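Values below: all heavy atoms of this structure, side chains included; hydrogens, waters and symmetry mates excluded. Predicted, not measured: the structure shown is a model, and the values here were computed from it.
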Amino acid sequence: MLADLNCKSHRRRIVALLVSMSLASGLAAGQSHPGLDSRLADIGETGRFVPNKALAMLQKIAPQARAADTAIKAEFINQLCLATNKVGRRPEALALAEELIAFGKQKHDNVALAKGLMAKGYVLSSMQEAKAAHQFAWKGEKLANTTGDMALRISATITAGNAFAEEGNFPQALNRLQDAAALARQYAHPIQTVMALNALASLYTTMKQYDRGFDALAEALPAAVLTNSPGRIASLKTTEYGLAIETKQPKRALKALLEGLALERQIGADSMIGTTLVNLSDNYLREHDYGNTLIYANQAIAAALPLHAASTEATARINIGQAYLGMGRLLDGKRSFEAGLAVYEKMGDKPELQAVMMEYGLALERAGDMAGALEAYHRERKLSNELYETQRQKAVFELAGKYEADKKQRQIELLSRENQVKSAEIDNRRLQQRVWWLLAVVFAMASVMVGILYRKVRRANAQLKVKNLELKQQSSRDPLTSLYNRRHFQEFMRTRVAVEQRGLAATEDIVGALFLLDVDHFKHVNDTYGHAAGDVVLTMISENLREILRETDMIVRWGGEEFLAFLPAIPRSGVEEVARRLLAGISSNTIDYHGSKISVDVSIGFAQFPLSPGEHPLPWERAVNLVDMALYMAKGHGRNRAYGVRGFHNFDCTSMERIEQDLESAWRDGFVDLSVVLGTLPEAPATAEVADIANPADLAELATTA
């Protein structure tokens, strides 16, 4: 929301431009100290792009500004806070924001207070406290709209719109930024016009409304020329780069970056220079121009280190690693990749680290380092599990609160129904008493009334029963695919274990089986065709699973693009055949999506259930974990195949913990018996091959065949 044009170049993905609103507002006209007014406005524009220089200028006028009237002093503290925050002195910037808020309250000045609230939001955003930052942005906007300071109102509206965009509320974000653009046109000040239209163009880019983004950019460029500010024009060039990349115009994107870089160097905007250099390296990487990729990435690192711009440094090192791998320099590429990952780890940016780790695995796979790719995938999965656990705990707390609220609401509704029933019963008793006092006709009418009330109660109870059944159905099903969800499967397996303990376990010829499927290259489908296409692919796979498997088999949406199938009873010799049918059945389907043909393959891990490495069978959770590891082996050895755990050997020489730590090593050491089912190749007949890979030497032959 509030980062300063922080256009992070995340490898081959287009960067989302976060429009900075560090200039809170201009000063109202008609105040005293007109020379100081103009001086602060110039410093504010300088601080927008060269904060170190702005800090030095502010220190020179500090005594005069702090002794001036309310408006001058408030704007001085505001500019000092923003410049201090931009150079990375967060605690000092936060203290200045608090000082400005206290000053606005003391003077009962809404302009000063609104600036203080927004300044605190900017600092909190820089400290990665997004939710708190958004709240201060919205409070600042609400207060700014009560003032007559048009520049402040425009700035506050832009900031509020960016906050809504960061929360994914694009309708509200678009509404705010369109309002800001309308206010800027009315105010007719070029700086505010550029700010509003640049933010609007960036939002249109995020919403994939590229024509509107180019229109907003075209309107902003003449206003930027009127500002006589190279920094403002450079900001628009960065936005133009994002639009050009999204609309597949690489030459225009490169031209915009080079023009922006020249303008940034003209004013010494070091932070913007580092970002643009990273974008240039990313742009050349997309074109497989590895020489220029290395040149600009190394320049970006040199620019980032003095500024402690960790994100820029990390991205540049990742780009260098990609270039080296593309040039066949495996060791150099891995060394640079690891250096970039180390920076992300130090930053604590786990979501970005997970994405880069997956990209690392894909790059190593393309470079032919399958062992390194498999290790990267394992690291990515471990990190994914950590993030999932964090999100799960958060969801549990949220659901617990929602459950308590729903529970209270249901109790209120039940009490209301009980009161209605009791009222009906009281009415019935009164009617019965009146029956004795009235004639036979009145008795008959009273009986009819009692019957009507009784039917109403029965109908209400029947409707309540139906609603309860619907709620139970919703709690056990995935809303997209209508398959069972993970929670239902866990409850089912706990019940099944209890039944097996009473003596209803599988026979020697009839066993259960677990299959864990993951869609190959699903991220590519989402990136190429959009998330709606991804949902269509997931729905198609769920329908295929219903057709391939039996009604008695349990099919589960395990999470994301993963599906789990539990077959409670199947001949022991038919487990690999089911894997073959799943591979062939899913890959044979093609989706016609908006004129594009989409087909996907899956990788599968499977095993019979229960698995018994020793005297006692494994719990179902550990069996699913082994199947998951087999799935990752299928991913690491080429995808579009299934790896199955058939049994164990020499278990007295190893342990289950060792096998679970590294299934592939356990297989190589002869402790695990695996089988593989190869999926259909495009040029091969529509069949799948089943192979026994108990001997590790067979793996190379299988990989060559695949």
When you measure from the side chain of [X] to the backbone of [Y], do you find a donor-acceptor pair of N or O atoms at a distance under 3.5 Å?
X	Y	result
N78	A74	no
S126	Y122	yes
S336	I320	no
S235	G231	yes
T147	L143	no
S281	V278	yes
T159	S155	yes

Can a salt bridge be assigned to the pair [X] and [Y] using a cut-off of 4.0 Å between side-chain N and carboxylate O?
X	Y	answer
D149	R153	no
R39	D42	no
E45	R232	yes

Do [X] and [Y] make a side-chain contact, defined as non-hydrogen atoms from C-beta onward lying under 4.5 Å apart?
X	Y	result
M150	I154	yes
Y290	Q322	no
E141	M118	no
T315	Y344	yes

Where at least one partner belongs to residues 57-68, residue pairs that pass salt bridge (charged side-chain N to carboxylate O under 4.0 Å, His left out), sequence neighbours excluded: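 Those involving residues 57-68 are R66-E99.
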
Pairs flagged by salt bridge (charged side-chain N to carboxylate O under 4.0 Å, His left out) wherever residues 292-305 is involved - sequence neighbours left out: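 Every pair satisfying salt bridge (charged side-chain N to carboxylate O under 4.0 Å, His left out) with a residue in residues 292-305: there are none.
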
Residues 100-109 side chain polar contacts: donor-acceptor under 3.5 Å, at least two apart:
from : atom 1 : to   : atom 2 : distance (Å)
D109 : OD1    : V111 : N      : 2.9
D109 : OD1    : A112 : N      : 2.9

By side-chain hydrogen bond (donor to acceptor under 3.5 Å, both in side chains) - contacts of K334 (at least two apart): D369

Report all side-chain donor-acceptor pairs from residues 247-260 shorter than 3.5 Å, counting only partners two or more places apart or in another chain.
from : atom 1 : to   : atom 2 : distance (Å)
T247 : OG1    : L243 : O      : 2.7
T247 : OG1    : A244 : O      : 3.3
T247 : OG1    : Q249 : NE2    : 2.9
R252 : NE     : E240 : OE2    : 2.8
R252 : NH2    : E240 : OE2    : 3.4
K255 : NZ     : E259 : OE2    : 2.5
E259 : OE1    : K237 : NZ     : 2.8

Any pair counted as ring-ring contact (aromatic ring centres under 6.0 Å, His included), so long as it reaches residues 268-287, sequence neighbours left out: Y284-Y296

